[in-house]
Amino acid sequence: MRRERMAAERAGNTAAAAGTAAQLDPLAAGAEAAGLMASLPGAVALALLAGGHVGGEWSGRTLKNLLAQNGRRSRIMAAKLVSLWIAGVGLIGVCWACLAVAGPVVRRVDRLPDPHQSAGHAAEWAGTEIGRSLLVLAAFSAIGLLAGVVTRGTIGTVAAGTAAVITMLIAASLPGLGSWTPATWVQGWMGFASGQGSISSLPDNFWSRFIGPDGAGPGHGLGLLGVSAVILACVTAATQVFRRMDVTS
């Protein structure tokens with residue numbers, strides 16, 4: 001009995017090591033990069049960028065000059081949103097490049113087993129996760145845009161954007177809310193594992209580990225609708241507030 005238990009434990013450790021090795025593959029590392037940017041690190045990074053790119057217009061008193069050059073406020077909002085999103089996509093690329101270089105080194109140093117993963121499977125895995133992360137990055141950008149318009153300052157934008165994301169994660173852990181919060185919509189759309197399944201040697205996100213077991217993701221379909229609703233609500237609110245805003249002072 002003891003021998004069987006030890007054999008099962010060794011097999012589990014080998015499987016876990018092979019899974020980690022698969023994540024560190026230069027192609028599959030794109031999935032890891034997408035998961036990181038579609039979770040807490042990406043949300044905080046975009047809040048910081050929004051602080052300078054959106055809130056900074058008020059802190060630096062450059063908004064009046066911007067409106068003098070282009071008086072269409074909706075166009076300015078769209079440009080801010082798209083540029084934040086592009087910056088987030090760029091961060092995925094940077095993260096992917098770093099992991100692609102460091103991954104093989106870590107595999108060799110830790111003597112991880114060959115995962116026997118084909119290049120096609122690795123590319124498909126990375127492509128799927130990156131494609132899904134693009135919508136989440138748009139949601140984080142929309143939250144940053146709204147935070148910038150409401151707070152009208154660099155520090156306020158960063159604080160409000162970060163607080164909004166943390167509030168989302170806290171709400172997902174409250175009894176009764178479960179699968180009906182923006183945090184679990186992100187989890188469902190990205191396919192992040194819930195509960196203990198999200199904790200591994202090399203986690204593919206820093207999101208679902210903050211959500212309790214009752215807040216399991218609602219699935220890809222509802223996750224897509226929920227994340228899309230967040231983007232629409234934030235962009236609509238930011239545009240309406242900005243249209244009525246006095247920028248002459």
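Side-chain atoms of S118 come within 3.5 Å of backbone N or O of H121 as a donor-acceptor pair. Between the R243 side chain and the S74 main chain, no donor and acceptor come within less than 3.5 Å of each other.
Going from atom CZ of R152 over to atom CZ of F242 covers 10.0 Å, rounded to the nearest 0.5 Å. Separating the CG atom in L146 from the CG atom in L81 is a distance of 11.5 Å, to the nearest 0.5 Å. Going from atom CD1 of I130 over to atom CD1 of I92 covers 6.5 Å, rounded to the nearest 0.5 Å.
One hydrophobic cluster, built from ILVMFWY side chains closer than 4.5 Å, holds both M168 and L135. V44 and F192 fall within the same hydrophobic cluster, defined by Ile, Leu, Val, Met, Phe, Trp and Tyr side-chain heavy atoms under 4.5 Å apart, directly or through other members. Taken together through direct or relayed side-chain contacts under 4.5 Å among Ile, Leu, Val, Met, Phe, Trp and Tyr, I155 and V54 form parts of separate hydrophobic clusters.
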Would you sort out whether R73 and T239 count as a side-chain contact (heavy atoms from CB on, under 4.5 Å), showing the intermediate values? CA-CA 8 Å; R73 298 192 179 198; T239 302; over 6 Å; no
Could you walk me through whether L40 and V165 satisfy the side-chain contact (heavy atoms from CB on, under 4.5 Å) test, starting with their C-alpha distance in whole Å, then the side-chain angles of each, then the deciding distance to 0.1 Å, before giving a yes or no? CA-CA 8 Å; L40 195 56; V165 173; 3.9 Å; yes
Begin with the C-alpha distance, continue with both residues' side-chain angles, and end with the deciding distance and a verdict on side-chain contact (heavy atoms from CB on, under 4.5 Å) for Q187 and F210. CA-CA 11 Å; Q187 181 185 8; F210 298 104; over 6 Å; no
Evaluate V101 against V105 for side-chain contact (heavy atoms from CB on, under 4.5 Å), listing each step before the verdict. CA-CA 7 Å; V101 173; V105 176; 5.7 Å; no
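Using a 30° and 60° split on the angle between ring planes, F140 and W207 fall in the tilted class, from 30° to 60°.
Taking all atoms of both residues into account, the shortest heavy-atom contact from T181 to A172 is OG1-CB, 3.4 Å. The nearest pair of heavy atoms linking A193 to S208 is O-OG, 2.7 Å. Smallest separation of non-hydrogen atoms from A38 and V136: O-CG1, 3.6 Å. Looking at every heavy atom in both residues, L99 comes nearest to A33 through CD1-N, 3.9 Å. Across all their heavy atoms, L91 and A45 have their closest contact at CD1-CB, 3.9 Å. The two atoms that bring M245 and W58 nearest to each other are SD-CZ2, 3.4 Å, heavy atoms only.
Considering only heavy atoms from C-beta on, M190 stays 4.5 Å or farther from N205 through its side chain. Under the 4.5 Å side-chain criterion, counting only non-hydrogen atoms from C-beta, L169 is in contact with I211.
With sequence neighbours excluded, no residue forms a side chain to side chain donor-acceptor pair (under 3.5 Å) with T128. Applying the salt bridge (charged side-chain N to carboxylate O under 4.0 Å, His left out) rule to E129 yields no partners; only residues at least two apart in sequence or on another chain are considered. For Q240, the side chain to side chain donor-acceptor pair (under 3.5 Å) test picks out R244, with sequence neighbours left out. Under the side chain to side chain donor-acceptor pair (under 3.5 Å) criterion, R75 pairs with no residue at all, not counting sequence neighbours.
Within the structure, the side chain to side chain donor-acceptor pair (under 3.5 Å) test picks out the following pairs touching residues 27-44 (sequence neighbours left out): Q23-E32. The side chain to side chain donor-acceptor pair (under 3.5 Å) contacts involving residues 87-102 comprise nothing, where partners must be two or more places apart or lie in separate chains. Counting only residues at least two apart or on different chains, no salt bridge (charged side-chain N to carboxylate O under 4.0 Å, His left out) pair has a member in residues 222-234. Residue pairs meeting the side chain to side chain donor-acceptor pair (under 3.5 Å) criterion with at least one partner in residues 153-162, sequence neighbours excluded, are S59-T154, T151-T157. Sorted by first and then second residue, the salt bridge (charged side-chain N to carboxylate O under 4.0 Å, His left out) pairs involving residues 40-54 (not counting sequence neighbours) form an empty list.
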For residues 83-90, which side-chain N or O atoms pair as donor and acceptor with protein atoms under 3.5 Å away, sequence neighbours left out?
residue, atom, partner, partner atom, Å
S83, OG, H53, NE2, 2.6
S83, OG, A79, O, 2.8
S83, OG, K80, O, 2.9
W85, NE1, L134, O, 2.9

Would you mind writing out the side-chain donor-acceptor pairs for residues 222-236 within the sub-3.5 Å range, not counting sequence neighbours?
residue, atom, partner, partner atom, Å
S228, OG, L224, O, 2.7
T236, OG1, L232, O, 2.7

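I170 belongs to a hydrophobic cluster whose remaining members, ordered by chain and number, are I166; membership requires side-chain heavy atoms of ILVMFWY residues under 4.5 Å apart, directly or through intermediates.
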